[in-house]
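For the numbers below, each heavy atom of this structure counts, side chains included, while hydrogens, waters and symmetry mates do not.
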Amino acid sequence: MEEQRAVVLLSGGMDSAVCLAVALADGCEVHALTVRYGQRHAVEVERARALAAHFGIPPQRHRVVDLGRAFAGSALVGEGEIPARARPAPPAGIPPTYVPARNLVFLSLAAAHAEAVGAGAIYLGVNAIDYSGYPDCRPEFLEAFQRALDVGTKAGVEGRAPRLRAPLVHLSKAEIVRLGHRLGVPFHLTHSCYRGLVPACGTCDACLLRLKGFREAGLEDPLPYAVPALGG
């Protein structure tokens, strides 16, 4: 497998956009993978297409996988309410926006695609610092999945398993914003709102963390918000 070829999980959100920019800055030939799974914020899929086009990823190297309504048990797929807050809340248990085993499924799809295209790396934009309590965003999960790749794939048993790259995992949201700004990420093309609203709601955890990141980075978020004042 070629280390310079990489599969990038591209949701259309801010973190995955920065992750894509990092992979390109690393000199990778990017094969982007976007998953539609019945999420409320499916507008991200269109933003992923726009981001891929912006960064010059040809259509044949951007695959959109449609899982239909493959997941249940999460507010992100319409089961329960998405919490509205005045400011980001520290994780207190696993929130209702957790989607059961989502990253496990996404990484499995990415691993299959990596083997198919001969990629030596898989990039994903998970973050374990400013996050919402998701267990599949932690370094321990990534380490466990890497072990699964090493022993559970043809490439792995041949000593060529793709390596997981999570360049944002230990960064704060402000650091992610600064990194994206430095790499020329078009933040106006991204979407973060869990409710899928345009303008963004400004009260869900994703909006609040994004607003907090831009504020602490000393930069202005180019997206419009229905309730921007509550980002403080």
Side-chain angles (χ1 to χ4, degrees), residues 1-35 37 44 48 51-52 55 57 62-63 65 76 91 94-95 97-115 117 119-153 155-156 160-183 185 187 190 192 205-206 209-210 213 217:
M1 289 194 179
E2 300 177 17
E3 184 65 28
Q4 289 302 100
R5 184 172 295 163
V7 171
V8 176
L9 281 167
L10 181 63
S11 71
M14 182 177 79
D15 292 353
S16 75
V18 176
C19 189
L20 170 61
V22 170
L24 291 168
D26 287 345
C28 294
E29 176 192 283
V30 167
H31 293 250
L33 182 66
T34 301
V35 183
Y37 59 93
E44 278 193 337
L51 286 164
F55 282 109
I57 309 300
H62 182 203
R63 176 164 297 182
V65 177
L76 286 195
I94 298 174
T97 49
Y98 166 71
V99 180
R102 179 177 59 179
N103 283 344
L104 187 61
V105 173
F106 286 6
L107 279 173
S108 296
L109 291 170
H113 195 39
E115 279 206 294
V117 301
I122 297 170
Y123 282 72
L124 70 163
V126 295
N127 174 253
I129 304 300
D130 281 337
Y131 80 123
S132 296
Y134 303 141
D136 53 1
C137 288
R138 298 173 302 153
E140 300 95 315
F141 168 74
L142 300 179
E143 292 163 7
F145 195 85
Q146 184 66 66
R147 291 196 298 273
L149 288 176
D150 292 341
V151 301
T153 63
R160 301 179 293 109
R163 312 316 295 172
L164 292 184
R165 308 291 187 214
L168 315 183
V169 70
H170 296 300
L171 301 185
S172 69
K173 273 287 191 263
E175 289 170 329
I176 292 169
V177 170
R178 292 190 194 105
L179 175 59
H181 180 69
R182 189 164 67 248
L183 294 175
V185 170
F187 286 119
T190 65
S192 300
D205 285 339
L209 285 172
R210 177 179 173 130

* Could you list the residues that satisfy side-chain contact (heavy atoms from CB on, under 4.5 Å) with Thr34, not counting sequence neighbours? => Leu10, Val45, Ala48, His62, Val64
* **Residues that Phe187 engages under ring-ring contact (aromatic ring centres under 6.0 Å, His included), provided they are two or more places apart** => Phe214
* To do: Compare every heavy atom of Ser192 with every heavy atom of Ala206, then report the nearest pair and how far apart it is.
  => CB-O, 3.1 Å
* Arg178 CZ to Glu175 CD distance, which is reported to the nearest 0.5 Å -> 6.5 Å
In a table with atom names and distances, give each donor-acceptor pair under 3.5 Å that connects a side chain of residues 103-113 to protein atoms at least two apart or in another chain.
{"unit_1": "Asn103", "atom_1": "ND2", "unit_2": "Asp136", "atom_2": "O", "d": "2.9"}
{"unit_1": "Ser108", "atom_1": "OG", "unit_2": "Leu104", "atom_2": "O", "d": "2.8"}

* **side-chain contact (heavy atoms from CB on, under 4.5 Å) partner of Val22, chosen from Val185, Val8, Leu183** => Leu183
* Structure fact -> Rounded to the nearest 0.5 angstrom, the CG-CZ distance for Leu124 and Phe145 is 9.5 Å
* Structure fact -> Here the gap from Leu209 atom CG to Lys173 atom NZ, rounded to the nearest 0.5 Å, amounts to 6.0 Å
* Structure fact -> Note: Val177 and Gly213 closest approach over all heavy atoms is CG2-C, 3.9 Å
* Structure fact -> When every non-hydrogen atom of Ala128 is compared with those of Cys137, the smallest separation belongs to CB-O, 3.5 Å
* Asked: For Asp150, which residues count as a salt bridge (charged side-chain N to carboxylate O under 4.0 Å, His left out) partner, sequence neighbours excluded?
  -> Arg163
* Out of curiosity, Leu33 CG to Ser16 OG, how far, rounded to the nearest 0.5 Å? -> 11.0 Å
* To do: Please name the pair of heavy atoms, one in Val126 and one in Ala166, separated by the smallest distance, quoted to 0.1 Å.
  => CG2-CB, 4.1 Å
* To do: Check Asn127 against Val169 and note the closest heavy-atom contact, atom names and distance.
  => ND2-O, 3.7 Å
* Who are the side-chain contact (heavy atoms from CB on, under 4.5 Å) partners of Glu143, not counting sequence neighbours? -> Pro139, Arg147
* Quick one: which residue pairs count as a side chain to side chain donor-acceptor pair (under 3.5 Å) with a foot in residues 19-30, not counting sequence neighbours? => Arg5-Glu29, Asp26-Tyr123, Glu29-His31
* Could you give the distance from CD (Glu44) to CE (Met14), rounded to the nearest 0.5 Å? -> 11.5 Å
* Structure fact -> The reported gap from CG in Leu171 to CG in Leu179 (rounded to nearest 0.5 angstrom) is 6.5 Å
* Search all heavy atoms of Ala21 against all heavy atoms of Phe55 and return the closest pair with its distance. => CB-CZ, 4.1 Å
